[in-house]
Amino acid sequence: MEYDFRKIEKERQRQWREQHAYRVSNNSNKPKYYVLDMFPYPSGAGLHVGHPLGYIASDIFSRFKRLQGFNVLHPMGYDAFGLPAEQYAIEHGVHPAISTDKNIDTFRKQLDNIGFCFDWEREIRTCQPNYYKWTQWIFLQLFNSFFNKHTQKATPIVELIASFAKEGNTLHVFPAAVNYQPAQFSADDWKGFSEKQQQEILMHYRLAFCGYGEVNWCEALGTVLANDEVVNGVSERGGHPVVKKKLRQWYLRITEYADRLLEGLERVEFSDSMKEMQTNWIGKSYGAEIDFEITGVPTTGQQLKVYTTRPDTIFGVDFMVIAPEHELINTITTAEQQTAVDEYCTYVKSRSERERQAEKKISGCFTGAYAINPFNGVKIPIWISEYVLAGYGTGAIMAVPCGDDRDFKFAQHFNIPITNILGDAFNGEEANATKDAKLHNSDFLNGVVMRDAITIVNQRLEQMGIGQSKVNFRMRDAAFSRQRYWGEPFPIQWKEGTAYPLAETELPLLLPEVDTYSPGPEGEGPLANIPEWVSKELETNTMPGYAGSSWYFLRYMDPHNDQTFCDRAVSDYWNQVDLYIGGTEHAVGHLLYSRMWTKALCDLGHIGFDEPFKRLLNQGMIQGSSRFVYRLKGTQEFVSYGLIKDFDTVDKLHVDVNMVDGIELDTAAFNKWKPDYAGANFQLEDGKYLCGSEVEKMSKSKFNTVNPDELVQKFGADTFRMYEMFLGPVEQSKPWDTKGIEGVHRFIKKLWRLFFDELKGRVWNEDAPNGAELKVLHKAIKKIQDDTERFSFNTAVSGFMICVNELADLKCYKRAILEPVLVLITPYAPHVAEALWEALGNTSSILDASFPVFDPAHVVESAKEYPVSINGKVRTNLLISLDATESTVQELVLANELVQKWVEGKPLKKFIFVKGRMINLVI
RNA sequence: GCCUUGGUGGUGGAACUGGUAGACACGCAGGACUUAAAAUCCUGUUUGCAGCAAUGCAAGUGCGGGUUCGAUUCCCGCCUGAGGCACCA
């Protein structure tokens, strides 16, 4: 009987489907375990081999936990709103719902091929009204809440209104990031405000709020562009100029949760690097805001507010730098500098924030104005430069060249004299950011260690009323609106410029049909093109992609509930996601947003936990190995890789990896590939056309994708699953290479042959196992259990191979050994395991078997072959009993002939014996 | 530019807390079975030097230093690949 994987896998999948083998109940006596994948965006390109990596890992872990007796929730769904579907709609006129459904069907077929244990009865799609109804509902919760600083919790806004009416805003001052005048008001003030004013004030407290923010604006296309759609300052489509434009936007007040987002990291099992990334993104810094008087300009009495983390360096300030968007530019620029400043600001406007930070070239412009150092009256020139960002701190810094690298380079570039406040710690060659030097040239701070000077300066500033210590966050409030069609509509209605929430009974606010997916007027989204929508004064923005993904893990628990987003009793049962698997590309976006939503929902009493993910595993990215051909500019001549150095101008073009064997191009296939290449002529080396290669993200546009369907068809799902795991550690990124898959396939066939011989048929028997066989089994149980638990799936696969190789060598065909081996392998290769399990005569599914229990008695060793080193070099091995004491071992070792030869009679300086490990002699 | 992360044979990788570097595979070479092929099985496979050979010696985990009896593992500096950087998902 042969291993017919196609038949086996089809049959098993049908059986599991019919038996609802993966249906999960919300009621169980078993302990619960929740394994979650980051759900996919169903792109039109379908799955490539990189996508299933994390799914296979989570599938293995889910099945493993199930065998260990847990009630495992392992759902899947689709993050279905997003830009690509809308782009496709613009280009092809196909409604995004239709193309999305089509893409989902493809995804589903591909996923099913691989044999995952998802409970598909819990599937969700973020674009469906019965799902986004609750996204809108949660948005309203955020809109109707504020962050109460005293309790550090989201609190219903009605409590804030009550407090305003009672004691003004003394109890609840404006959030730190808000700059509203008047900053304080009394109860009487509040009652005196108009409805519009009251709503305006409340908006500054709401957790979901409306404000103004900058977007990438493309005049030619009349639309707002994503960063992705902007390349080098022009639009990706058409290459039109893109500039910054201020538009009304919705935001989430995530900055209010900054401290709790930091604190929560201590209670979750994320990798240290992940925690570090989030910590850096939040970017909490302790510093001071300082007001400087401005002089040398027509309008007197103006002040420049800077934020600095190093107030101790105030005597080293040689110039000020403000962001090119800074408001003061209009009022402090002197007449002589006006032209230069205007030119500079226009130049900067076309540049992205990233470009501005990455730019090595130093640029800037003097405003003509000066600030006055409050401690010594020194006049400090005020410059504009793009390295200062408007969005961080106050958008203005005090530059201390001797202590800050960027300031130093700026000073050098513009020949600004540098004051040394560091004494010997500053060498004049480069800045020194130390906090431990003693201050020089610093008036009352001379001789004080910088670290200690920070508090002294802060105290002085506060006494003088010109500054205060301040905690700052790099993180900004999250932009929560898009000028797009394919997203959740906001349940918001505008009345005379004030936003009002729709009633819960009006949800879901359905996304209407449109005639055109083109942008609306004035940078508004396509919804602004619909007269009925506009006449009702409904919000025309839609929510961003991350809205639906910020809470989907809750919906899986209770996906069909139409009374609430998730029943509290159900979320109390499933609680946190025990294991969340996905890529690091979501490190700061999705993970922070969903953590914030969870905290807000918890604060408001809708769920009972405030961190969504207990443990996070980041699978690495499977990269594509791209191949390139080189075409002489303007010709049809293609030059082999080794020859390109002989030519000046060649175009480097991606070529489909499936036409390349190693790096050798199938030139005939290339000619047929695209009509353009039919007439291609090749300049060969050694009779071959060799391609260049590079490792890049796997993507259809780079022609480096490999389709899992073909591999499943050729080798089977079990082989495919194991091979993806065998490739390397899940957490590591690696380029895909199909080459090794045969090895895994051979392994499964070898496993099969322990049960069935091609000619003889059944070979397994009921004999009692011997010690050697039990040892192999229990070694494997331990290895597989340990490796699976620590997500070392690649070494677990190797463990299976070792186990099967050893059983084959022992000619062990005994049921008592083979049956537990099948259970071990079930999470990895479920189809073949179930088929052989049934062949052994079992009537219930192997999915519900019990994981074998490791018995150390079967694997004990009595002796160990110790490596014996002399001065750190291994010279021989000696078999020594594990019970031997150190002195016995030393005696044995020194008596050895080979050891004596290497020791050459020299005295022994040191004898190192690590029991069970090694022996080292130092002479 | 900033943040994170990787670099070990011809290839993917193993070595879990500083203790025999190269497990397990791929590929390659040789052999067995076969009319032949596929499949399967066996042997070898880090490099250099010496030897008919078993084997021996030396070097070796991106590069340069350091700590240690002992470093792929820890520390310092550098080179280099990948991912992210707020409207892609």
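So that the names make sense, note that chain A is the first sequence line, chain B the second, and so on, each numbered from 1. Computed from a prediction, not measured in an experiment: that's the story for all the values here.
- A ring pair (Phe, Tyr, Trp, His ring centres under 6.0 Å) with Y552(A) holds for exactly one of Y132(A), F39(A), W597(A); it is F39(A).
- From M621(A), atom CE reaches atom NE2 of H51(A) across 9.0 Å, with rounding to the nearest 0.5 Å.
- If you check C69(B), A89(B), U4(B) against the side chain of K910(A), the one that comes closest is C69(B).
- Contact check, R790(A) against C16(B): no side-chain N or O comes under 4.0 Å of OP1 or OP2.
- Among Y251(A), W250(A), Y546(A), the single residue meeting the ring pair (Phe, Tyr, Trp, His ring centres under 6.0 Å) criterion with F480(A) is Y546(A).
- For the OP1/OP2 pair of A14(B) and a distance below 4.0 Å, the side-chain nitrogens and oxygens of N794(A) include at least one atom meeting the criterion.
- In this structure, F408(A) places its CZ atom 18 Å from C1' of G1(B), rounding to the nearest Å.
- Taking side-chain N and O atoms only, N280(A) has no distance below 4.0 Å to OP1 or OP2 of C85(B).
- An OP1 or OP2 oxygen of A25(B) is reached within less than 4.0 angstrom by no side-chain nitrogen or oxygen of K739(A).
- When atom types are taken as modelled, the side chain of N216(A) and the backbone of V224(A) share no donor-acceptor pair closer than 3.5 angstrom.
- Between R746(A) and G27(B) there is a side-chain N or O to OP1 or OP2 distance below 4.0 Å.
- In this model, a side-chain donor or acceptor of Q249(A) finds a partner on the base of C87(B) within 3.5 Å.
- Between K734(A) and the phosphate of G13(B), there is no side-chain N or O to OP1/OP2 separation shorter than 4.0 Å.
- G22(B) adopts an anti glycosidic conformation, its chi angle falling more than 90° from 0.
- Salt-bridge annotation for D786(A) and R790(A): absent, with no side-chain N of the basic residue lying under 4.0 Å from a carboxylate O of the acidic one.
- Counting non-hydrogen atoms under 4.0 angstrom, V224(A) reaches a base of the nucleic acid.
- Scanning atom types as modelled, no donor and acceptor separated by under 3.5 angstrom connect the side chain of E229(A) and the base of C88(B).
- The phosphate of C3(B) (OP1 or OP2) has no side-chain N or O of R474(A) nearer than 4.0 angstrom.
- Helical stems in RNA chain B, defined as runs of 3 or more consecutive Watson-Crick or G-U wobble pairs with both donor-acceptor distances under 3.5 Å, are listed by first residue as B:1-7 with B:79-85, B:10-12 with B:24-26, B:27-32 with B:40-45, B:46-50 with B:55-59, B:62-66 with B:74-78.
- Taking only distance into account, the side chain of N920(A) meets the base of C69(B) through a donor-acceptor pair shorter than 3.5 Å.
- With sequence neighbours excluded, the residues that form a side-chain hydrogen bond (donor to acceptor under 3.5 Å, both in side chains) with E806(A) are K779(A).
- Between R875(A) and the phosphate of A58(B), there is a side-chain N or O to OP1/OP2 separation shorter than 4.0 Å.
- U8(B) sits 15 Å from C63(B) when the C1' atoms are compared, rounded to a whole Å.
- Rounded to whole Å, the separation between the C1' atoms of A32(B) and A37(B) comes to 16 Å.
- In summary, the side chains of Q890(A) and E886(A) do not present any donor paired with an acceptor at a separation below 3.5 Å, with no hydrogens or angles considered.
- Donor-acceptor pairing under 3.5 Å is recorded for the side chains of K750(A) and N805(A).
- OP1 or OP2 of A59(B) sits under 4.0 Å from a side-chain N or O of K873(A).
- Contact check, Q732(A) against G13(B): a side-chain N or O comes under 4.0 Å of OP1 or OP2.
- Residues T542(A) and W486(A) have side chains that never bring a donor and an acceptor to within less than 3.5 angstrom of each other.
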Enumerate the protein-to-nucleotides 71-80 of chain B contacts in which both atoms are nitrogen or oxygen and the separation is below 3.5 Å.
none

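- Taking the ring centre of Y392(A) as origin, the terminal cationic atom of R474(A) falls inside the region bounded by 6.0 Å and 45° from the ring axis.
- The residue V695(A) sits close only to the backbone: its heavy atoms come under 4.0 Å of sugar-phosphate atoms, none of a base.
- In this structure, R753(A) reaches the C41(B) phosphate: one of its side-chain N or O atoms is under 4.0 Å from OP1 or OP2.
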